[in-house]
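A short write-up of the structure that comes next.
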Amino acid sequence: MYGLWKPRVLGAWRVPATGPAILAVNHSHNIDGPMVMGVAPRPVHFLIKKEAFVGPLDPFLTGIGQLKVDRHSTDRTAITRALGVLAAGGVLGIFPEGTRGEGDFAALRAGLAYFAVRSGAPVVPVAVLGSSDRRGRLIRGLPPLRHRVDVVFGDPFEAGDGSGRRTRGALDEATERIRKQLTAHLENARRLTGR
């Protein structure tokens with residue numbers, strides 16, 4: 001990432017040095033996940049749509065510990081593997097909106113709340129800003145080479161209410177808590193970076 005673009009990383013020290021953690025990353029461009037993987041202080045295992053695991057990318061993504069997920073059904077294998085990452089004290093990366101969009105955390109899916117409540121792992125909000133500002137001249141689908149991309153890590157927080165409940169209501173409440181935290185982090189990151 002540092003060879004192609006100019007990442008400016010702020011707050012990486014906020015990622016817990018040990019133990020399970022979930023990075024909740026906004027998603028407005030294809031390079032957001034690889035950018036976070038490249039600059040995070042710990043290895044990150046992202047849940048990535050199964051459609052990305054094609055050709056030579058399949059063994060590569062699998063080899064670097066990324067997790068294939070079917071977004072159109074309840075993918076029990078992906079859920080088990082993601083919980084396994086957290087149980088082993090690893091870092092799980094999730095795009096809580098489920099797909100690329102505006103990257104504003106406006107429409108969260110329940111998956112992040114499920115993993116956070118089930119595992120008890122803290123959620124670290126991550127804002128990637130600048131990845132979708134401009135298109136490159138050489139490769140239109142990527143930001144221009146040497147373009148600055150800001151990656152801002154926020155303070156970890158607990159998504160659950162501390163009761164240990166895993167009911168539908170508890171997950172809905174956790175999703176709302178997460179949405180508020182992520183939205184506040186994104187606003188703060190924009191102020192901090194001037195984007």
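Counting from 1, the numbers follow the sequence of the chain as shown. We use all heavy atoms of the structure for the numbers below, so side chains are in, but hydrogens, waters and symmetry mates are not. Computed from a prediction, not measured in an experiment: that's the story for all the values here.
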Any idea which heavy atoms bring [X] and [Y] closest together, and the distance?
| X | Y | answer |
| --- | --- | --- |
| Ser119 | Leu86 | OG-CD1, 3.5 Å |
| Pro122 | Glu158 | CB-OE2, 3.8 Å |
| Val15 | Phe153 | CG2-CD2, 3.6 Å |
| Val151 | Met35 | CG2-CG, 3.7 Å |
| Thr175 | Ala113 | OG1-CB, 3.2 Å |
| Leu92 | Val44 | C-CG1, 4.3 Å |

### Query
Does CZ in Arg81 sit with more than 12 non-hydrogen atoms of other residues, nucleotides or ligands closer than 6.0 Å?
no
Check: [Y] and [X] side chains under 4.5 Å, non-hydrogen atoms:
| X | Y | answer |
| --- | --- | --- |
| Phe115 | Val123 | no |
| Asp150 | Leu192 | no |
| Val124 | Pro16 | yes |
| Val152 | His185 | yes |
| Pro125 | Gln181 | no |

Nearest 0.5 Å please: distance from the [atom1] atom of [X] over to the [atom2] atom of [Y].
| X | Y | atom1 | atom2 | result |
| --- | --- | --- | --- | --- |
| Thr77 | Leu67 | OG1 | CG | 11.0 Å |
| Ile178 | Ile94 | CD1 | CD1 | 8.5 Å |
| Leu47 | Asp70 | CG | CG | 12.0 Å |
| Phe157 | Lys180 | CZ | NZ | 12.0 Å |
| Thr193 | Asn188 | OG1 | CG | 9.5 Å |

### Query
Under a 4.5 Å side-chain heavy-atom rule over Ile, Leu, Val, Met, Phe, Trp and Tyr, are Leu182 and Tyr114 clustered together?
yes
### Task
Determine, stepwise, if the pair Lys50 / His72 fulfils side-chain contact (heavy atoms from CB on, under 4.5 Å).
CA-CA 10 Å; Lys50 71 177 184 178; His72 305 293; 5.6 Å; no
### Task
Indicate yes or no: does Glu187 engage Arg190 in a salt bridge with an N to O separation below 4.0 Å.
no
#### Entry: Worked check of side-chain contact (heavy atoms from CB on, under 4.5 Å) between Ile79 and Thr74
CA-CA 8 Å; Ile79 292 169; Thr74 303; 4.0 Å; yes
### Message
Has Arg177 got a side-chain atom pairing as donor or acceptor with Ala159's backbone, closer than 3.5 angstrom?
### Response
yes
### Query
Per the side-chain contact (heavy atoms from CB on, under 4.5 Å) rule, which among Val36, Val39, Val128 passes with Pro7?
Val39
### Task
Begin from the C-alpha positions of Leu129 and Leu186 and carry the test side-chain contact (heavy atoms from CB on, under 4.5 Å) through to its verdict.
CA-CA 9 Å; Leu129 304 171; Leu186 185 59; 3.9 Å; yes
### Query
With sequence neighbours left out, what residues match Gln66 under side-chain contact (heavy atoms from CB on, under 4.5 Å)?
Met37, Phe46, Ile48, Phe53, Leu61, Ile64
### Message
Strictly by salt bridge (charged side-chain N to carboxylate O under 4.0 Å, His left out), give each pair with a member in residues 116-131 just once, sequence neighbours left out.
### Response
none
